[in-house]
Amino acid sequence: MATYGGSSAASGSRTNGLAIASLCCGIIGLFFLNIILGPLAIVFGAVARRQASARNGAGMAKAGIILGVVDVVLWLILLAVAANNGGFSWYVGG
């Protein structure tokens, strides 16, 4: 049987999984759990950048690092706003 197409997915270059994880943690960290996902995005991105010579994904790793820093800065801003407004409080009732 003849095969169509120039290459298969197995023989092509693959993106570094840590770069993908860094980018995902950075994006999700903008909305949820930014104090946890921000540092994870930075660490995953730094490790992926060191492995960038072996695998593709250096751009994704850099974007993940940047988003991780934005996540941490966003958390610090939210913490400062909460401290100036008397902290967090939950009001339940009528």
Hydrophobic clustering (ILVMFWY, side-chain heavy atoms < 4.5 Å, transitive) - are F44 and L33 grouped together?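 Looking at the clustering, F44 is in the same group as L33.
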Is there a path of hydrophobic side-chain contacts, each under 4.5 Å between heavy atoms of I, L, V, M, F, W or Y residues, that connects I28 with M60? yes
If you look only at distance, which donor and acceptor atoms sit under 3.5 Å apart when one is on a side chain in residues 63-84 and the other is two or more places apart or in another chain?
| residue | atom | partner | partner atom | Å |
| --- | --- | --- | --- | --- |
| D71 | OD1 | L30 | N | 3.3 |
| N84 | ND2 | A80 | O | 3.4 |

Working to the nearest 0.5 angstrom, can you tell me the gap between C25 SG and N34 CG? 12.5 Å
Set out, in order, the CA-CA distance, both residues' side-chain angles and the distance that settles side-chain contact (heavy atoms from CB on, under 4.5 Å) for L40 and L37, then state yes or no. CA-CA 5 Å; L40 279 177; L37 295 176; 4.2 Å; yes
Minimal non-hydrogen separation, A61 against A48, with atom names: CB-CB, 3.7 Å
